[in-house]
Amino acid sequence: MKDIFKVGKYKFKSRLIVGTGKYKNFSETAKAIDASGADMVTVAVRRVNITNKKEPLLMDYINPKKIRYLPNTAGCFNSEDALRVLRLARDSGGWNLVKLEVLGDKETLYPNMKETLKCTEILTREKFEVMVYCSDDPIACKQLEELGAVAVMPLGSLIGSGRGIPNKNNIKLIKNRSNVPVIVDAGIGCASDASIAMELGCDGVLVNTAIAKARKPILMAEAIKLSVQAGRKSYLSGVMQKSNLAKNSTTHRRKIK
Amino acid sequence: MYIVLNGKKFEVPKKVTITQLLKKMDIKPSKVAVEVNKVVIPKEQYKYFKFSNKDRVEIVTFIGGG
């Protein structure tokens, strides 16, 4: 069965998007991405180190011709900064598909939805294809879709917290009402969290810290790859109805008496 | 004259272009984006764009990020 992950006009083999931050070095990042099977990774935009030109570059380790770079606006706390970063990112290599995140405060890294909505509207007008980090609020997600977001990315829980998806019902509500892909972004702490996101019907997950900060990141990358595939297949296969009482698995017919 | 490059004062010859600056700094244009006074300069303009005194210049690249 063909099950292609489509975001905007782009198609992907893997429903797992991997963040490239927090690894020991670029070599580990590259190995983890390889083990994860991801064909899209988030990247951030920062100043070139002009004092140490020998500092390695991400592009030397992860080939943007093979793996799609998804430039993000990590660390932006207002729409002006976010727009500036994404316009630079686009020029850097023609990246039109971007991930917008406008943060509300440093302690929670919760999205500032007022600024996020404003920024989504401007970026869409400028012909960007915008995937948007947002709160797990079904109304806000719908508004983003109406403003032209190509995917909504509600948080499972706080960025880097590894607390999974405490509010599964909201994620399900968002998915049931959405006409664009829903990708759980933030909060995935281990493989089973990723499976849960996929079983809720989400179209994909974005994982960074759970892989980068595992004791064995490359092994965890593979575990999360498999859990995303398992969760997706479980969702597509149609999960059974839950029951409050036991139902025997073996027939009572022809039982010895 | 000088420009403010990635937040630091940087002496450059008059009328130097972006292409010349990047070459001098050993930076491949394909791996960066350049902004001058908060306006992104498209790559095809690098060889024509000449800096002016006190221009605020940002040269950026991609790093790891979630």
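Residue numbering restarts at 1 for every chain, and letters A, B, ... go by the order of the sequence lines.
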Please classify the contact of A:L57 with chain B as side chain, backbone, both or neither, using a heavy-atom distance under 4.5 Å.
side chain
Pick one of side chain, backbone, both or neither for B:V39, based on which atoms fall under 4.5 Å of a heavy atom in chain A.
neither
Determine which donor-acceptor pairs between chain A and chain B fall under 3.5 Å and list them with their distances.
residue, atom, partner, partner atom, Å
A:T20, N, B:G65, O, 3.0
A:T20, OG1, B:G65, N, 2.9
A:T20, OG1, B:G65, O, 3.4
A:T42, OG1, B:G65, O, 2.7
A:A44, N, B:I63, O, 2.9
A:A44, O, B:I63, N, 2.8
A:R46, N, B:T61, O, 3.0
A:R46, O, B:T61, N, 2.8
A:R47, NE, B:E58, OE1, 2.7
A:R47, NH1, B:N6, O, 3.3
A:R47, NH2, B:E58, OE2, 2.8
A:V48, N, B:I59, O, 2.8
A:V48, O, B:N6, ND2, 3.0
A:D60, OD1, B:K31, NZ, 2.6
A:N72, ND2, B:G66, O, 2.1
A:R84, NE, B:E35, OE1, 3.1
A:R84, NE, B:E35, OE2, 2.8
A:R84, NH2, B:E35, OE1, 2.6
A:D91, O, B:K43, NZ, 3.4
A:N208, OD1, B:G66, N, 3.3

Closest heavy-atom pair, A:V43 versus B:F62, reported as atoms and distance to 0.1 Å, is CG2-CD2, 3.5 Å
Minimum-distance pair of heavy atoms, taken over all atoms of A:F26 and B:G64:
CE2-N, 4.3 Å
Please flag which part of B:L5 lies under 4.5 Å from any non-hydrogen atom of chain A: side chain, backbone, both or neither.
both
Side-chain heavy atoms of A:V48 within contact of B:I27, under 4.5 Å:
yes
Holding to side chain to side chain donor-acceptor pair (under 3.5 Å), I want the full list of residues that pass it with A:D203, two or more places apart in sequence or in another chain.
A:K175
